[in-house]
Amino acid sequence: MHTLQHIFKTHNFALTNITTKGLEYRHQETEDIIYLLPTKEINLVVSPLSFDVDLSQSDGKVHSTALKHFPKRLNGGTQPISFGYSFKFKTEEALSNFLHTLNR
C-alpha cells in the first residue's frame, strides 16, 4: 500500500479522505478527485465529469456511497447514488502509466 501512495504522490495526487469503502485522492493542480477502492486488483474510479480519459476503455460503471464528490444517478433504487468509471490495473506500473496520462 505504501508503494501505491508513493505513486499517487509522484503524479500530483494528495490523499484527502480515508474510509472503509475507499481512498479519496485530489489532484493538486486541477482539484479533480479519483478514488482507489479496496479490491483484489488495483481499482481506480474516475468521475465522468473530470479528466480527459477515454471512458469506453473503463471496466464499467461503479456505484458507491464512497464516491461522494461524483455525480449521482438512479441505479435500480429509489434514491440516486454516486457513480464513476472503474479502471483496474494488474500492476503498480500500469497504474502509474494511467495516472501519467491524467496529468496531460
Hphob cluster co-occupancy, [X] + [Y], side-chain heavy atoms under 4.5 angstrom:
X   : Y   : result
F51 : I42 : yes
L55 : V45 : no
L74 : F70 : no
Y85 : L23 : yes

Return the [atom1] to [atom2] distance between [X] and [Y], rounded to the nearest 0.5 Å.
X   : Y   : atom1 : atom2 : answer
S47 : F83 : OG    : CZ    : 7.5 Å
F13 : Y25 : CZ    : OH    : 10.5 Å
R73 : N75 : CZ    : CG    : 5.5 Å
K9  : L99 : NZ    : CG    : 15.0 Å
T10 : Q5  : OG1   : CD    : 11.5 Å
K40 : K90 : NZ    : NZ    : 12.0 Å

What residues form a side chain to side chain donor-acceptor pair (under 3.5 Å) with [X], not counting sequence neighbours?
X   : value
N17 : none
N12 : E29
T65 : K21
S96 : H11

Who passes side-chain contact (heavy atoms from CB on, under 4.5 Å) against [X], sequence neighbours left out?
X   : result
D54 : S56, Q57
Q79 : none
K72 : P80, S82
T20 : none

### Query
Can you list every pair that meets salt bridge (charged side-chain N to carboxylate O under 4.0 Å, His left out) and has a residue in residues 79-88, with sequence neighbours left out?
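Qualifying pairs, neighbours excluded: none.
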### Task
Indicate whether any N or O donor in one side chain lies under 3.5 Å from an N or O acceptor in the other, for S86 and N43.
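Their side chains do contain a donor-acceptor pair, which is all the 3.5 Å distance test asks for.
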### Co-members of the apolar cluster containing I81 [side chain, <4.5 Å]
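For I81, no cluster forms, as it stays isolated from other hydrophobic side chains.
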Quiz: residues 31-39 side-chain donor-acceptor pairs under 3.5 angstrom, not counting sequence neighbours:
{"unit_1": "D32", "atom_1": "OD2", "unit_2": "T30", "atom_2": "OG1", "d": "3.3"}
{"unit_1": "Y35", "atom_1": "OH", "unit_2": "E24", "atom_2": "OE1", "d": "2.9"}
{"unit_1": "Y35", "atom_1": "OH", "unit_2": "K68", "atom_2": "N", "d": "3.3"}
{"unit_1": "Y35", "atom_1": "OH", "unit_2": "H69", "atom_2": "N", "d": "3.2"}
{"unit_1": "T39", "atom_1": "OG1", "unit_2": "E41", "atom_2": "O", "d": "2.8"}

### Message
Going by ring pair (Phe, Tyr, Trp, His ring centres under 6.0 Å), name the residues that satisfy it together with F98, two or more places apart in sequence or in a different chain.
### Response
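For F98 the ring pair (Phe, Tyr, Trp, His ring centres under 6.0 Å) partners, ignoring immediate neighbours, are F87, F89.
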